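Working notes for the structure below.
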Amino acid sequence: MADVEQVPIRDAAIRLGQLLKLSGLVPEGSMARMVIENSEVTVDGEIVVRRGTQVRPGQVVEYAGQRVTPVHEG
């Protein structure tokens with residue numbers, strides 16, 4: 001996963017919209033909602049249109065050519 005940025009999280013999973021904000025891929029929640037609803041975000045290669053989708057460590061989220069994955073830090 002050399003080209004995938006790791007984003008530390010405290011819990012076992014994180015909501016997709018929160019991950020986009022935490023990773024810096026979007027500046028605020030309203031933009032996260034918009035890009036998710038516009039089918040611009042994938043999780044493990046599948047388009048996701050629900051910002052409340054739970055993303056777990058090892059899953060790869062892609063938006064605007066950038067890829068991130070949550071990593072449990074606890």
Side-chain angles (χ1 to χ4, degrees):
M1 282 201 248
D3 62 336
V4 179
E5 178 187 345
Q6 295 185 347
V7 180
I9 62 172
R10 283 179 261 172
D11 298 318
I14 186 171
R15 288 189 197 122
L16 180 57
Q18 291 176 324
L19 180 61
L20 291 176
K21 289 188 305 183
L22 184 62
S23 66
L25 293 179
V26 298
E28 55 192 35
S30 60
M31 184 170 179
R33 179 180 178 182
M34 182 180 70
V35 300
I36 292 167
E37 289 178 354
N38 288 338
S39 302
E40 298 176 37
V41 179
T42 64
V43 176
D44 291 340
E46 300 284 326
I47 294 173
V48 176
V49 293
R50 288 185 29 227
R51 68 182 168 153
T53 298
Q54 294 290 314
V55 182
R56 291 171 171 66
Q59 291 186 295
V60 177
V61 173
E62 185 168 356
Y63 168 66
Q66 296 191 331
R67 296 166 23 126
V68 298
T69 187
V71 178
H72 185 65
E73 65 178 15

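Quantities reported herein were computed from a predicted structural model and do not represent experimental measurements. Hydrogens, waters and symmetry mates are skipped; everything else that's a heavy atom, side chains included, is used.
Note that CE of M31 and CG of L25 are 9.5 Å apart. Values are rounded to the nearest 0.5 Å. To the nearest 0.5 Å, atoms OG1 (T53) and CD (E46) are separated by 12.0 Å. In this structure, CE in M34 is found 9.5 Å from CD in E28, a value given to the nearest 0.5 Å. Distance check, rounded to the nearest 0.5 Å: CG of L20 to CD of Q18 gives 10.5 Å. To the nearest 0.5 Å, atom CZ of residue R56 and atom NE2 of residue H72 are 12.5 Å apart.
Looking only at distances, no side-chain donor or acceptor of T42 sits under 3.5 Å from a matching main-chain atom of I47.
Between G58 and T69, the shortest heavy-atom contact is N-OG1, 3.4 Å. Between S39 and V49, the shortest heavy-atom contact is OG-CG1, 3.5 Å. Across V7 and S23, no two heavy atoms sit closer than the pair CG2-CB, 3.7 Å.
Only one option out of L16, L19, I36, V41 pairs with Y63 in a side-chain contact (heavy atoms from CB on, under 4.5 Å); it is V41.
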Intermediate values then yes/no, side chain to side chain contact (heavy atoms under 4.5 Å, CB included), Q54 and R15
CA-CA 5 Å; Q54 294 290 314; R15 288 189 197 122; 3.3 Å; yes
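Using a 4.5 Å heavy-atom cutoff, the side chains of V71 and P57 are not in contact.
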